[in-house]
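Remarks on the structure that follows.
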Amino acid sequence: MYKCVVCESRYEPFISFGRMPIANGFLAPSEFADEFFFELKVGFCGTCHMVQLAELVDRGKMFHEHYAFLSSTSTGMATHFREFAESVMTGYLQDHDPFVVELGSNDGVMLQHFARRSVRHLGVEPSANVAGIARDKGIRTVCRFFDEDLAREIVAEDGQADAVLGANVMCHIPYQHSVLAGIRVLLKPQGVLIFEDPYLGDIVSKTSYDQIYDEHALYFSVASVTSLVQRHGLEVVDVAPQPVHGGSMRYVIAHKGKRPVSRAVRAQREQERTLALDRSETYERLRGNIDRSREDLRGLLHRVKRDGKRIVGYGATSKSTTVTNFCGITPELVDFISDTTPTKQGKYSPGAHIPVRPYAEFAASPPDFALLFAWNHREEILSKERRFVAAGGKFIVYVPRVAVVG
Ligand code: DWN
Ligand code: SAH
Ligand code: ZN
């Protein structure tokens, strides 16, 4: 039995993916022998409805001065974050000298829009390399993990915030009670916490099990976020589905009673009941769907290989670490993974040890099939790869189901 990180109730995991490495731990052959592994297993708390990793990995093993993921690598996401920043500036920054804090600000892809308009801002980013990139762009950044202590230090130095923002970071933080106690201190009376993360409803309905890996400690629904924040005198006042990362949800949180609660909150909670996100049977079914997805993908890859075709991975995502290791995808099946991130190139994928090569190698010698590990950027990639498809190239996708496209 495991103890829920939110409400301390006991639960049993509904699935184990087996031994997994650090999802973003791209490595050199000299590091293979010492590679770190843990058991990736996930559970549903029947009391507060939080879906969560049963075994947590030390944060220092994941977020450090060699963090591999750079937020600015997708133009689609850069546009999304410009729009996110603009909606915050028009909707929530009425004060004459507003102050905005972003958690997990990475290379500054969102905060740059506030910096450009001279809005007082602070990024909180514990991974030193990406924090350094943001600083070089003139974005004020503190290289620390956000928690209650840091929140108090920020208030002492800069005062309270009008808006605290977070994209794909809250779900990375299992010590939510410290974070939310900090948010309560940091927010002005009318202030808001606005964050978005991959949405549990999409993970369940699309069987996008590759969202499950070490960094993603929590898998949020409106129900579980409501139960979490109300323990800290906070309230969900608005929610809005987002198309990014295969289906995300944006949550607007305020001090309880300070802002009207939009109708969208109740509507989304009703939809979650229709999806049965509050029932353990849903997660048993999800496990069955995950096993089927694995069999389908393995079957397709082996068939393609038997036909003598070449397969290359497209996008060395963190998510692909779960897929390659869970499905037994080896360098015999996939020649290499093409990725535009310089820090990943020349290294090997975690666990499966598939070489990561620059995009130029994909372009110079296109494979028969591109296994779309970055399926969440499908529109952006398909529009970039019209020539690959026109020349007969095909994409293999596995979300929402295993299929060949192109
Ligand atoms: O939550 C997280 C999200 C925001 O980012 C983190 N835990 C880690 C990371 O997850 P991910 O690695 O699964 O994110 P992406 O955005 O799916 O990664 C895309 C990868 O594909 C990057 O390495 C860049 C690469 N890429 C590429 O080579 N060509 C991406 C595009 C769009 C391309 O055209
Ligand atoms: N917001 C960016 C980055 C997401 S990756 C985007 O959506 O693209 C997750 C980021 O959260 C990493 O840069 C990691 O270093 C950071 N992070 C992890 N734990 C954190 C914490 N406790 N406080 C602030 N940032 C954290
Ligand atoms: Zn719980």
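Residue numbers run from 1 in the order of the sequence given. Just follow the structure's listing: the first ligand is 1, and inside any ligand the first atom is 1. Since this is a predicted model, take the numbers as computed values, not measurements.
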Problem - Shortest protein contact, atom 31 (C) of ligand 1 (heavy atom only) - result: Ile381 CD1, 4.1 Å
Practice task
Would you kindly specify which portion of Tyr67 sits under 4.0 Å from ligand 1, judged on non-hydrogen atoms: side chain, backbone, both or neither?
Solution key: side chain
Problem - Near the Zn ion (ligand 3) (cut-off under 2.8 Å), count of protein N, O or S atoms - result: 4
Practice task
Indicate, as side chain, backbone, both or neither, the part of Thr341 found under 4.0 angstrom from ligand 1 when only non-hydrogen atoms are considered.
Solution key: side chain
Donor-acceptor pairs under 3.5 Å, side chain of residues 4-27 to any protein atom, not counting sequence neighbours: which ones?
{"from": "Ser9", "atom 1": "OG", "to": "Thr47", "atom 2": "OG1", "distance (Å)": "2.9"}
{"from": "Ser16", "atom 1": "OG", "to": "Gly18", "atom 2": "N", "distance (Å)": "3.1"}
{"from": "Ser16", "atom 1": "OG", "to": "Glu39", "atom 2": "OE2", "distance (Å)": "2.6"}
{"from": "Asn24", "atom 1": "ND2", "to": "Glu215", "atom 2": "OE2", "distance (Å)": "2.8"}
{"from": "Asn24", "atom 1": "ND2", "to": "Ser318", "atom 2": "OG", "distance (Å)": "3.2"}

Exercise for the section: Would you mind telling me if ligand 1 is within reach of the side chain of His245, the backbone, both or neither, using heavy atoms under 4.0 Å? Expected result: side chain
Problem - Shortest non-hydrogen contact between Leu297 and Leu371, atoms and distance - result: CD1-CD1, 4.2 Å
Handout entry: Nearest protein heavy atom with distance in Å, relative to atom 8 (C) of ligand 1
Key = Ser318 OG, 3.3 Å
Distance-only donor-acceptor hits, side chain of residues 387-398, under 3.5 Å, sequence neighbours excluded:
none

Practice task
Provide the number and element of each atom of ligand 2 under 4.0 Å from a heavy atom of Val169.
Solution key: 11 (O), 17 (N), 25 (N), 26 (C)
Handout entry: Results of side chain to side chain donor-acceptor pair (under 3.5 Å) for Thr73 - residues two or more places apart only
Key = none
Problem - Polar atom proximity, His377 to ligand 1 (N or O, under 3.5 Å) - result: yes
Handout entry: Side chain, backbone, both or neither: the part of Tyr213 lying under 4.0 Å from ligand 1 by heavy atom
Key = side chain
